[in-house]
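Written below as structure tokens is the structure these notes are about.
All values below were derived from every heavy atom in this structure, side-chain atoms included, with hydrogens, water molecules and symmetry-related copies excluded.
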Amino acid sequence: MFSIFCFDKERNTTSESQHLRCFSSFSGCSSSLHGNPVFQVFLTVILGSRMSPSSIFFLLILGSMVDTKTSSEKGSLLYPYGPDQGDETNPKLDDGTSEAITLSIPFTFYGKTHQTAFVNNNGVISFDKPVRQYTPDPFPLADGRPFVTPFWADVDNVEGGDIFYRQSTDPALLGDISQHITQYFPESPFTATWAFVATWDHVAYWGSKSDKGNTFQAVLTTDSKMFYIILNYWDIQWTTGAASDGDAETGLGGTPAHAGFNSGDDTNFYNIPGSQTDAIINITTTSNVKVPGRWVFRVDDFQAPDVDPPQLDNSCWL
């Protein structure tokens, strides 16, 4: 966005020379506008007209309110989600869960094929049975529950936010997923035939006394031979609910969120670096595929990625 307030209101003149001096000076201060199409339109209209100063002033203020970013540029990390994509929405319920979801394509997770999944409000996609636990445990889990968790913490969608999910064979979505996975794993070209997308949209934490919300996403996908999970982190503002000893004002401290997956066999599991530490607040900056905020795993043939742990940025605590 841009703002321009440089015409001479006192002299009340609108000569082309004045416009040129004005825009030349302004452009020198913000070279990023040179390629801005909205700015170019305003510049062309104003320089080619004899508009009154008040009209120019209105036009320039209008230009300052125009956001030239497309929706794909704003949310390119997240795959499309929401009611307009045909998503189901989880009920507003603390520690709630979706109903049992019969997978149209069974998902193979380290040698075991699962036909039923649950999208749990507390940041977990589980197989076979729901998960209502709100304070996370590290993997591997003693009880062998198989699940994928982009952000296991005490989410409370009653306080704020929504949780969406859908199964999809949409060609556009599958095309994007196929392109990304093939880019990250070029030795194994991938053409997705099915995807399951679950998105937590600006969800609050239990006991919240703030307006903080987290937005993240988990995707299960397959080409019927290879099986992958994609974890996307768009905006993480809190780590801990009050019942997990977090601060109700900040959503920090206590036992922070956990991210990764647990196959249930005590061998194939992964704890994303920073899990259950204060550094998990910075998961939007970490990755195993060189795309900040995105983690991708092939889960029928696991190999632990070699990544550096996230560093705690104290500025995030403000």
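A 4.5 Å side-chain heavy-atom check between Leu231 and Ile272 finds at least one atom pair inside the cut-off. For the pair Thr221 and Thr193, the minimum side-chain heavy-atom distance is 4.5 Å or more. No side-chain heavy atom of Phe261 sits under 4.5 Å from any side-chain heavy atom of Pro150. Residues Asn214 and Phe151 form a side-chain contact, since some pair of their non-hydrogen atoms from C-beta on lies under 4.5 Å apart. Side-chain atoms of Asp162 and Asn90, non-hydrogen and from C-beta on, never get closer than 4.5 Å to each other.
Remark: Tyr81 OH to Tyr79 OH distance equals 14.5 Å, nearest 0.5 Å. One distance of note links OG1 of Thr113 with CZ of Phe127; it measures 10.5 Å at 0.5 Å rounding.
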- Chi angles and distances behind the side-chain hydrogen bond (donor to acceptor under 3.5 Å, both in side chains) call for Ser263, Asp265: CA-CA 6 Å; Ser263 72; Asp265 63 7; 2.6 Å; yes
- How far apart are the C-alpha atoms of Ser104 and Gln167, what are their side-chain angles, what is the distance that settles it, and do they pass the side-chain hydrogen bond (donor to acceptor under 3.5 Å, both in side chains) test? CA-CA 8 Å; Ser104 58; Gln167 301 184 69; 3.0 Å; yes
- Can you list the steps and then say if Thr286 with Trp295 is a side-chain hydrogen bond (donor to acceptor under 3.5 Å, both in side chains)? CA-CA 8 Å; Thr286 68; Trp295 290 75; 3.1 Å; yes
- Apply the test side-chain hydrogen bond (donor to acceptor under 3.5 Å, both in side chains) to residues Arg145 and Gln133: give CA-CA distance (whole Å), side-chain angles for both, the deciding distance (0.1 Å), then the verdict. CA-CA 12 Å; Arg145 287 173 291 172; Gln133 180 179 338; 3.0 Å; yes
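Aromatic rings from Phe227 and Phe109 are positioned such that their centres are separated by 6.0 Å or more. For Phe139 and Phe147, the distance between ring centers is under 6.0 angstrom.
Between the side chains of Tyr205 and Ser210, at least one donor N or O sits under 3.5 Å from an acceptor N or O. Between the side chains of Asp137 and His258, no donor-acceptor pair of N or O atoms lies under 3.5 Å.
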